[in-house]
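Encoded as structure tokens, the structure appears first; notes follow it.
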Amino acid sequence: MMSAAYDFAHSPASEFMSRPQHLLIDGRRVPASSGRTFKSLNPATGRVIATIAEGNEADVEHAVAAARRAFEGPWRTMRASERGQILLRWADLLKQHAEQIIELESIDAGKPISATARQDFPAAVDTLIYYAGWADKISGDVVPVRDDALTYTVREPVGVVAAIVPWNFPLMIGMWKLAPALACGCTIVMKPAELTSLSALRIAELALEAGLPAGVFNVVTGPGRVVGDALVNHPDVDKVTFTGSPGVGRGIMKAAASNFKRVSLELGGKSANVIFDDADLEAASKAAASGIFFNAGQVCSAGSRVLVQEKAYDEVVERLAARAKSIRIGDPLDRKTALGPVISEKQMKSILDFVDIGRAEGATLVTGGEKVGDRGYFISPAVFANVEHEMRISQEEIFGPVVSVIEFRDEADALRIANGTAYSLAAGVWSRDIGKLQRFAKRARAGTVWMNTYGYTDVRLPWGGERDSGLGREHGTAALDNFTEPKAVWMNLAV
């Protein structure tokens with residue numbers, strides 16, 4: 001079902017989008033040094049919604065220099081409690097401008113506004129408030145090494161951080177990086193994705209309004225191959241935090257070796273959602289559909305492989321197909337829309353190519369997998385049955401609303417298939433047998449394992465994976481480790 005288009009000409013976001021979207025460097029909105037710009041498109045229509053400055057190496061140089069000055073000056077020397085208060089004022093300003101920010105995110109990224117209002121925006125604000133509370137609680141330890149010395153540790157900010165943010169959750173994932181880095185006393189140069197730069201620029205303005213000193217938070221928009229590469233290779237950047245593809249992540253690790261930058265990476269996923277035949281099949285099927293079709297499948301932890309035990313296989317396939325057919329597709333600003341467009345024409349073509357690959361490999365396309373409408377980048381939710389574990393649609397990240405349903409025999413077979421990809425971000429498991437759940441969780445190669453649910457995250461819990469899913473963890477106290485360095489202090493008392 002396709003919902004009608006929504007007229008946002010007089011919406012809270014329209015005035016902001018109509019302005020030239022300059023870079024934000026050293027507390028000021030400035031054009032790119034080259035004067036070049038690029039167009040931002042609405043993925044629901046393919047039409048231009050904003051003109052954005054196209055930064056380059058010179059702009060990165062200016063932004064990093066501003067971040068370094070701020071790090072050595074007002075931000076690092078400010079009382080930690082005052083940093084926390086600024087972050088709390090920023091959170092209040094975000095809430096005051098919630099309607100505008102939610103609309104910007106929805107229009108720019110093609111995200112259904114109901115989901116953005118329910119999940120993305122509250123999660124971003126919660127993250128900011130959580131780490132604001134940590135600002136004056138990042139402490140070391142007194143370590144009693146010997147009687148004639150006072151020995152203790154302190155945690156110091158790592159320095160200038162390059163935060164490279166993806167297009168699928170620009171506001172939420174952006175805040176996952178910004179909030180802990182700032183709470184720890186670091187300064188930041190953010191590069192938002194070319195496809196989704198608007199919310200980053202708006203929240204950066206509000207950060208200045210909240211009292212963030214000039215140079216602490218800079219935004220340089222532009223292509224990854226220029227702006228991103230310049231940041232990763234810059235000798236005065238101390239830390240890179242990146243969310244994106246494994247291929248780009250590998251390149252970042254290689255480039256970071258130039259000055260031994262610290263690196264944290266949250267990369268791809270091909271998560272298994274395992275349904276045993278003793279599970280509540282209605283609840284499992286409902287969650288499995290949400291786990292792959294939420295945000296049009298453009299989620300690193302999407303449950304793109306649904307593994308089902310033999311006796312329950314046909315029923316789960318039928319239930320998934322029925323749910324896929326019932327999903328309301330349409331304009332992201334229509335609050336009844338459940339599935340918006342994918343981010344770009346390029347991404348749409350890639351997903352449709354994978355649908356063709358699945359058919360060619362011998363899988364059965366039960367429903368969906370087609371372009372919807374005559375404008376924008378909409379794809380109907382696709383359910384593949386009779387998928388073999390070795391097929392490309394089972395092994396490769398599609399990053400779209402496409403689910404592969406794979407049959408398994410027993411616990412050992414389920415575990416073999418679940419662990420049988422290069423990814424390890426997340427997994428789900430469904431059963432009424434608590435022993436079975438615990439055995440699977442213990443052996444699953446996944447940074448997060450959901451039991452009888454799927455997809456929940458919270459900033460208080462660590463988030464990340466291994467292998468092609470990345471390096472390090474975000475969220476919770478793990479994020480504080482990302483942005484601080486421990487220092488040991490030894491004071492001689494025998495004087």
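Residue numbers count from 1 along this sequence.
Between Leu320 and Lys286, every side-chain heavy-atom pair lies at or beyond the 4.5 Å cut-off. In this structure, the side chains of Val355 and Leu365 come closer than 4.5 Å at one or more pairs of heavy atoms. Counting heavy atoms from C-beta on, the side chains of Asn452 and Leu437 come closer than 4.5 Å. For the pair Glu411 and Arg439, the minimum side-chain heavy-atom distance is below 4.5 Å. Looking at Ile188 and Leu182, their side chains come closer than 4.5 Å, going by heavy atoms from C-beta outward. The shortest side-chain heavy-atom distance between Val274 and Trp430 does not fall under the 4.5 Å cut-off. Side-chain contact between Glu361 and Phe384: absent, with no pair of heavy atoms (C-beta onward) separated by less than 4.5 Å. Here the side chains of Trp463 and Thr457 are in contact, with some heavy-atom distance below 4.5 Å.
In this model, a donor atom of one side chain and an acceptor atom of the other lie less than 3.5 Å apart for Thr243 and Lys177. A donor-acceptor contact closer than 3.5 angstrom is absent between the side chains of Thr421 and Gln395. Looking at Ser394 and Lys270, their side chains never bring a donor and an acceptor atom within 3.5 Å of each other. Side chains of Arg155 and Thr484: a donor-acceptor N/O pair is present below 3.5 angstrom, by distance only. Side-chain N/O atoms of Gln100 and Arg202 include a donor and acceptor closer than 3.5 Å.
For CZ of Arg323, the number of neighbouring non-hydrogen atoms (other residues, nucleotides, ligands) closer than 6.0 Å is greater than 12.
Listed for the Thr187 side chain is no donor-acceptor partner under 3.5 Å among the backbone atoms of Val216. Judged by distance alone, the side chain of Lys137 and the main-chain N or O of Gly133 form a donor-acceptor pair under 3.5 Å.
Using cut-offs of 30° and 60° on the angle between ring planes, the pair Tyr454 and Trp450 is tilted.
Ion pairing of Asp120 with Lys111 is present here, as a side-chain N (NZ or NE/NH1/NH2) and a carboxylate O approach within less than 4.0 Å.
Taking the ring centroids of Phe276 and Phe408, they lie under the 6.0 Å cut-off.
By the 6.0 Å and 45° rule, Lys371 does not stack over the aromatic ring of Phe378.
The ring pair (Phe, Tyr, Trp, His ring centres under 6.0 Å) test applied to Phe399 returns Trp167, not counting sequence neighbours. Remark: Tyr377 engages no residue in a ring pair (Phe, Tyr, Trp, His ring centres under 6.0 Å) (not counting sequence neighbours). In terms of the ring pair (Phe, Tyr, Trp, His ring centres under 6.0 Å) criterion, Tyr313 has no residue partners (sequence neighbours excluded).
Each of Thr367, Val306, Thr364, Ile292 was evaluated against Val383; a single residue qualifies, Thr367, per the side chain to side chain contact (heavy atoms under 4.5 Å, CB included) test. Among the candidates Leu171, Leu198, Val219, the single residue satisfying the side chain to side chain contact (heavy atoms under 4.5 Å, CB included) test with Ile203 is Leu171.
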* Using the side chain to side chain donor-acceptor pair (under 3.5 Å) rule, take Ser40 and Asp108 through it: C-alpha gap first, then chi angles, then the decisive distance, then the call. => CA-CA 8 Å; Ser40 182; Asp108 201 23; 2.9 Å; yes
